[in-house]
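Let me begin by presenting the structure, written as structure tokens, before commenting on it.
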Amino acid sequence: MLPRPRGPSRFALVLTLLGVAALALFALRQWQGPQVAVYRITPQVLQQQVVASGTVSSQALARIGSEITGVVKARHVREGDRVQPGAVLLELFDEEQQARLHEAQGAFAELVDSARPQAEAGLREADNALARAEDELARRETLHARQQIATEQLEQARSAVVAAGANRDRQRAQLDALVAGGARETQLNQRLAAAEAALARTRILATVHGTVQSRAAEPGDLVQPGRTLFEIWSDDSREILVPVDERSFGMLALGQQAQVIADAWPDQVFAATVDFLAPAVDTTRGTVDVHLTLANDADFLRQGMTVSATITTATRESALVAGNDLLRNVSGVDATVWRVREGRVEAVPVRLGLRGTVASEITSGLAAGDSVLGPDAGGAQPGDRVRAVMQDAAGQ
């Protein structure tokens, strides 16, 4: 009896079926297209911000100099010293001013102690002399009426009265000029005040509460008006100067909130407000100076320190947001995104609203829940079939 022929083994059949399945899956994947990352468009809070670097550089930096030309006698402060308004920073040699002051004081004392008492005494003597002359005239008029004296003697008495009256008027006018509040005292007071002011200008004083930032004079130096001798950083200063690219100027406005970080304290954030926008553009740098006022005191900041500022120019509480890396062919407020719908890539024109540093508002063209192809399209083009793999909303 002959043996029966043996059929294919079960193992070979399984391998065949697996191969067929793999080919079918490969064909399906080829038909479905490559795997690509997509991002879902959702409503989010969006802030539009302008980021720039600047320096601690404020109008509150008091620059102090001398009003007169002189030679430095003594310097009383140096960099880092704390000063109060009225504190003496520097003294100039003042011998000439002292001499003028002593001269003015002497002239005033001479008025009070000598000239005025003499004028008062002179007026009293003139009054007495006039009274005597008038008595003598009355006596001679009586005698002349009795024909006991000649007319010539009567006329002499009359002339004496006129002369005594004129002298009395001169003495009164002189005393009027010398009395308290009179012309001479007013003149001497002005002279004395001028001498005191000239002497005061030899002492250079602090005008603000603050810290001395720099000095530019030493004993023996000749100083002149217009030269800065000290720079004092005011304790009241809360100002930061930030040059902003002129392309961002249209988004800025007074009162906008900002956050400032100094390079020296990277973990500390200072709240600030935009309080000044320069009226002109720096053409060499293409920037506009923006002044920020810190909300709180920061007297530990120093002039010239580097800072980074983030100015919030607008906020949307609920906006359809797409990461800026998802936008293609951006031109003004127009852009294109590649949306994935029913397994196919399609180019969709969109309109942009608020523009953030990493994401932008989509005002038309997309709806909440739409899936947008990421920046790495894996070679896919509009019209191609793709297999979407949903990702976290990175960049949004």
Side-chain angles (χ1 to χ4, degrees), residues 54-102 104-105 189-243 254 260 262 264 270-280 289-307:
T55 58
V56 178
S57 177
S58 170
Q59 300 303 312
L61 182 69
R63 295 175 174 85
I64 299 175
S66 174
E67 298 180 46
I68 61 174
T69 298
V71 177
V72 178
K73 179 180 180 181
R75 174 183 55 76
H76 297 288
V77 297
R78 61 180 302 168
E79 293 88 343
D81 286 352
R82 301 279 300 165
V83 295
Q84 304 294 325
V88 179
L89 307 176
L90 179 146
E91 293 181 73
L92 304 178
F93 282 102
D94 58 2
E95 289 80 1
E96 180 180 350
Q97 289 79 6
Q98 290 280 7
R100 291 180 180 176
L101 178 60
H102 291 156
Q105 290 171 334
N189 274 329
Q190 292 173 345
R191 180 179 171 187
L192 182 60
E196 290 173 342
L199 179 61
R201 284 194 288 270
T202 65
R203 291 157 55 89
I204 312 303
L205 308 179
T207 57
V208 296
H209 295 268
T211 303
V212 177
Q213 297 292 304
S214 67
R215 72 180 194 272
E218 296 296 334
D221 287 352
L222 176 67
V223 299
Q224 295 176 323
R227 175 185 170 190
T228 297
L229 303 179
F230 297 92
E231 290 183 327
I232 300 177
W233 174 257
S234 172
D235 288 347
D236 297 330
S237 175
R238 299 177 180 177
E239 194 171 61
I240 304 295
L241 172 62
V242 181
L254 297 179
V260 177
F270 306 98
T273 303
V274 176
D275 72 351
F276 177 77
L277 301 174
D289 284 347
V290 177
H291 291 206
L292 306 177
T293 297
L294 297 176
N296 298 303
D297 292 332
D299 55 4
F300 48 85
L301 293 177
R302 295 292 180 266
Q303 175 75 5
M305 277 187 171
T306 302
V307 298

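These numbers were taken from a predicted model, which means no experiment stands behind them.
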Minimum side-chain heavy-atom gap [X]-[Y] below 4.5 Å:
| X | Y | answer |
| --- | --- | --- |
| V274 | V290 | yes |
| V223 | T69 | no |
| K73 | L92 | no |

Distance-only, no hydrogens or angles: does the R100 side chain make a donor-acceptor pair with backbone N or O of H102 under 3.5 Å? no
Is there a side chain to side chain contact (heavy atoms under 4.5 Å, CB included) between R215 and R75? Walk through the geometry before answering. CA-CA 10 Å; R215 72 180 194 272; R75 174 183 55 76; 3.4 Å; yes
Inter-residue atom distance [X].[atom1] - [Y].[atom2], 0.5 Å rounding:
| X | Y | atom1 | atom2 | result |
| --- | --- | --- | --- | --- |
| D81 | Q213 | CG | CD | 11.5 Å |
| D289 | F276 | CG | CZ | 8.0 Å |
| L101 | L192 | CG | CG | 6.0 Å |
| E67 | R201 | CD | CZ | 6.0 Å |
| L294 | E239 | CG | CD | 9.0 Å |
| Q98 | Q105 | CD | CD | 8.5 Å |

Please report the C-alpha distance between V88 and L205 in whole Å, then the side-chain angles of each, then the deciding distance to 0.1 Å, and finally whether the side chain to side chain contact (heavy atoms under 4.5 Å, CB included) criterion is met. CA-CA 5 Å; V88 179; L205 308 179; 3.7 Å; yes
Can you give me the closest heavy-atom contact between [X] and [Y], atom names plus distance?
| X | Y | value |
| --- | --- | --- |
| A62 | V208 | CB-CG2, 4.0 Å |
| A104 | A195 | CB-CB, 4.3 Å |
| L292 | A272 | CB-CB, 4.1 Å |
| L254 | D275 | CD2-C, 3.5 Å |

Carefully, step by step, assess H76 and L89 under the rule side chain to side chain contact (heavy atoms under 4.5 Å, CB included). CA-CA 5 Å; H76 297 288; L89 307 176; over 6 Å; no
Take atom CZ of R203 as the centre, draw a 6.0 Å sphere, and report whether it contains more than 12 heavy atoms from other residues, nucleotides or ligands. no
Check this for me: R227, atom CZ, are more than 12 non-hydrogen atoms of other residues, nucleotides or ligands nearer than 6.0 Å? yes
List for me each residue that meets ring-ring contact (aromatic ring centres under 6.0 Å, His included) alongside F93, sequence neighbours excluded, and say none if there are none. none
Identify which one of I232, I64, V83 satisfies the side-chain contact (heavy atoms from CB on, under 4.5 Å) criterion when paired with T207. I64
side-chain contact (heavy atoms from CB on, under 4.5 Å) partner of S66, chosen from T228, I204, V72, L90: I204
Given side chain to side chain contact (heavy atoms under 4.5 Å, CB included), test R82 with T211 step by step and report yes or no. CA-CA 5 Å; R82 301 279 300 165; T211 303; 2.9 Å; yes
Would you check if there is a donor-acceptor pair between the side chains of S214 and E231 at a distance under 3.5 Å? yes
